Amino acid sequence: MSYKEIFSGMAEELKSMKNSGTVAAYIPKLCEVDPDKFGAHLLTIDNQHFCFGDSNEKFSIQSIAKVLSLAMAFELEEDKLWERVGVEPSGISFNSLLQLEAGKGIPRNPLVNAGALVISDILVSSLKNPKRELIEFIRKASGNAEIAYSPAIVESEKLTGFKNAALINLMKSYGNIKNDIDTVLDFYFNLCSIEMTCKELAETFLFLAADGINPLSGIRIVDSSKAKRINAIMQLCGFYDEAGEFAFKVGLPGKSGVGGGIIAIHPDVYSIAVWSPKLNSKGNSYRGMKILEYLTTRTKSSIF
Ligand code: GLN
């Protein structure tokens with residue numbers, strides 16, 4: 001089945017699918033979204049676009065942005081990065097404190113909240129103007145100067161970010177956070193607040209399908225070995241305690257966010273962004289996962 005046929009069949013496919021789950025409520029601002037929204041945008045490395053539904057509407061990309069902060073820190077720190085964060089799947093929810101104590105403050109991977117907080121600490125240490133340089137890096141990856149933080153989401157996360165405060169304090173006690181806690185949390189909440197449409201998300205992540213170069217602009221974002229490794233980390237850790245399920249059903253490296261977005265990469269072929277706000281019990285988009293399963297099943301193509 002071609003991408004065109006799959007995208008034309010998407011409305012029908014969605015009709016037969018329940019919109020199960022709940023919108024993330026622990027960040028109050030995320031509750032304001034219409035739970036019935038659905039968007040999808042697939043972009044091939046030779047610049048063919050296929051889209052469906054609300055694919056041009058901005059939403060909060062949340063933890064999907066952790067892949068971009070990882071890419072930036074990996075470029076800056078090279079393999080020194082792995083002294084402070086691991087590359088193992090967590091098998092536990094994204095904001096759990098459980099493994100941190102056993103790991104003496106070293107998070108299992110850069111995509112759980114604890115890992116992304118350590119990456120944030122590293123970027124705060126090594127950049128002169130961390131928030132500005134991060135958004136510029138993301139704009140370079142996406143080829144889009146309009147990508148921005150959402151101050152309203154930042155404020156909303158600050159009001160209820162008790163788990164993140166607990167994680168960062170625990171890591172500070174083990175010496176794995178070097179900067180002032182509030183400065184790092186502010187950077188992290190800004191990272192999570194970035195808004196994009198499905199189209200912008202697919203464009204931003206296309207470099208991971210093309211050995212580290214954005215094929216639309218020709219600009220290198222990371223070297224090819226790092227692109228391979230970032231994809232490996234997404235495959236193993238991108239869906240937390242549902243990473244196995246995503247590999248089993250979809251078979252692509254990917255990353256979810258509690259705003260209901262998912263990015264998935266088919267190396268050398270395409271990137272695809274989907275958005276449906278209601279989350280399953282693991283904090284991943286319910287319909288987003290299902291529609292990606294439909295895609296790789298119908299195309300009979302995944303990395304496996
Ligand atoms: N900002 C959210 C948090 O810190 C990100 C979680 C997510 O998208 N999984 O909890």
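On a predicted model such as this, the values are computed, not experimentally measured, just so you know. When a ligand or atom number is given, it counts from 1 through the structure's own listing order. Numbers for residues simply follow the sequence, beginning at 1.
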Original post:
Among all protein non-hydrogen atoms, which one is nearest to atom 10 (O) of ligand 1, and what is the separation to 0.1 Å?
Top reply: Tyr26 OH, 2.6 Å
Original post:
In terms of residue, atom name and distance, what is the protein heavy atom nearest to atom 2 (C) of ligand 1?
Top reply: Gln62 OE1, 3.1 Å
Original post:
Heavy atom under 4.0 Å from ligand 1: found in Asn113's side chain, backbone, both, or neither?
Top reply: side chain
Original post:
Do the charged groups of Arg229 and Asp79 touch, with an N to O distance under 4.0 Å?
Top reply: yes
Original post:
So is Val258 polar-close to ligand 1, meaning N/O to N/O under 3.5 Å?
Top reply: yes
**OP:** Give yes if a backbone or side-chain nitrogen or oxygen of Lys66 is under 3.5 Å from a nitrogen or oxygen of ligand 1, and no if not.
**Re:** no
Subject >> Protein contact of atom 4 (O) of ligand 1 - nearest heavy atom, named by residue and atom, plus distance >> reply: Tyr188 OH, 2.7 Å
Original post:
When the ring planes of Phe50 and Phe7 are compared, do they come out parallel, tilted or perpendicular, using 30° and 60° as the limits?
Top reply: tilted
**OP:** Just let me know how Glu157 lines up against ligand 1, side chain, backbone, both or neither, with a heavy-atom cut-off below 4.0 Å.
**Re:** side chain
Original post:
With respect to Glu136, which candidate in Arg132, Lys140, Arg139 satisfies the salt bridge (charged side-chain N to carboxylate O under 4.0 Å, His left out) definition?
Top reply: Arg132
Original post:
Of the protein's non-hydrogen atoms, which lies at the shortest distance from atom 9 (N) of ligand 1, and what is that distance?
Top reply: Ser63 OG, 2.9 Å
**OP:** Would you please determine whether Asn95 falls within less than 4.0 Å of ligand 1 on a heavy-atom basis?
**Re:** no
Subject >> Carboxylate-amine/guanidinium contact Lys29 Glu155, below 4.0 Å >> reply: no
**OP:** Evaluate the ring planes of Trp82 and Phe74, with Trp represented by its six-membered ring, and classify them as parallel (under 30°), tilted (30 to 60°) or perpendicular (over 60°).
**Re:** perpendicular
**OP:** Kindly assign one of parallel, tilted or perpendicular to the pair Tyr240 and Phe94, based on the angle between their ring planes and the thresholds 30° and 60°.
**Re:** tilted
